[in-house]
Amino acid sequence: LLALVPGTACAVWLFGWGILINILLASLTAIAAEALVLKARRRPVMMTLLDGSALLTAVLLALALPPLTPWWIPVVGTLFAIVVAKQLYGGLGYNPFNPAMAGYVVLLISFPLELTLWSAPGDYPGLQDTLALVFSDAARSGTSLDALSMATPMDTIKTRLGLNETISEIHSTVLFGYFGGRAWEWINLGFLLGGLWLLQARMIQWQIPVGMLGALFAMSLVFYLFNPDSYTSPAFHLFSGAAMLGAFFIATDPVSASTTPRGRLIYGAGIGVLTYLIRTWGGYPDGVAFAVLLMNMAAPTIDHYTRPRVFGQS
């Protein structure tokens, strides 16, 4: 949670109060849902809540949501993440899927329109107007929301490439920065900083981030060198969307990820490859969440075939 602060601060600075509102709604929902389910299961409540896993799930899910999304979106997504993806499997340590990404994918598939309401970087409404847009259906029905919301850089690339525009033409718009999506490059740099601190503190292992980012870099480099007018650069893929958040904070979930040293490299590389495939040819602009869930299913098999040899046995 502390390592998320730099990237979260950048997101709030660039996209406004809605990020904090999403985090607050998701956090309150996660704590309440976890407590109620634990009480129903006759499990210790305070001891489990204090492990921080429910709060971390809520913050990760909230960071993936647009800042102007209606209030019930983070609530519904967090309820699914905590109740279904985590507690119905037995709680922390038993869930086969990353709860935050399971909740996000349910929202993305079920409510695609509500998950496109991104405000323009640096051009977001004040706190009072944000609260009105988030909590008032009447305010959302006006033209003000259409004027404030915009497509993400990845969504723009996918849409305009379908109209036979070149990458250089698309990148000439105000949606793109120096080496990634405008605003997204700074947010990803913030999450990279937090991720490097996690590595330095040995709270995560290096194999999954290196495997994911290395595979994403290699895949994008091959296609970019082949045709730079039709495929975006490696820098854009690494510093746009949820690349850094996924590599350091989501894919490294110790419960749903691979656990052996070689397995973690394979697991991370699989996420990187799938992310690139979904981003480039899939139906969704960013593929990190889908890639993580698909590799969650493969993690037990990867661990089975990459178990280190026990000392003294052939």
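- Legend: residues meeting side-chain contact (heavy atoms from CB on, under 4.5 Å) with Thr260, ordered by chain and number and at least two apart, are Ser258, Asp303, Thr306, Pro308.
- Distance check: Leu274 CG to Arg279 CZ gives 12.0 Å after rounding to the nearest 0.5 Å.
- Here the CG atom belonging to Leu88 is positioned 15.0 Å from the OH atom belonging to Tyr94, to the nearest 0.5 angstrom.
- Shown here for Pro74 and Thr69, the closest heavy-atom pair between the two residues is CD-CG2, 4.2 Å.
- One distance of note links OG1 of Thr275 with CE of Met295; it measures 10.0 Å at 0.5 Å rounding.
- Looking at every heavy atom in both residues, Leu293 comes nearest to Asn98 through CD2-O, 4.0 Å.
- Atom NZ of Lys86 sits about 5.0 Å away from atom CG of Leu92, to the nearest 0.5 Å.
- Atom CH2 of Trp17 is separated from atom CG of Leu131 by 9.5 Å, given to the nearest 0.5 angstrom.
- Of the candidates Leu245, Leu1, Ile187, Ile23, Thr8 forms a side-chain contact (heavy atoms from CB on, under 4.5 Å) with just one, namely Ile23.
- Here the closest non-hydrogen pair linking Asn95 and Tyr89 is CA-CB, 4.0 Å.
- You'll find the ring centres of Tyr224 and Phe236 outside the 6.0 Å limit.
- Counting all heavy atoms, side chain and backbone alike, Gly246 lies closest to Val288 at CA-CG1, 4.0 Å.
- With rounding to the nearest 0.5 angstrom, the CD1 atom of Ile302 is 12.0 Å from the OH atom of Tyr305.
- Summarising the geometry of Met244 relative to Leu213, their closest heavy-atom pair is SD-CD1, 3.9 Å, with the distance given to 0.1 Å.
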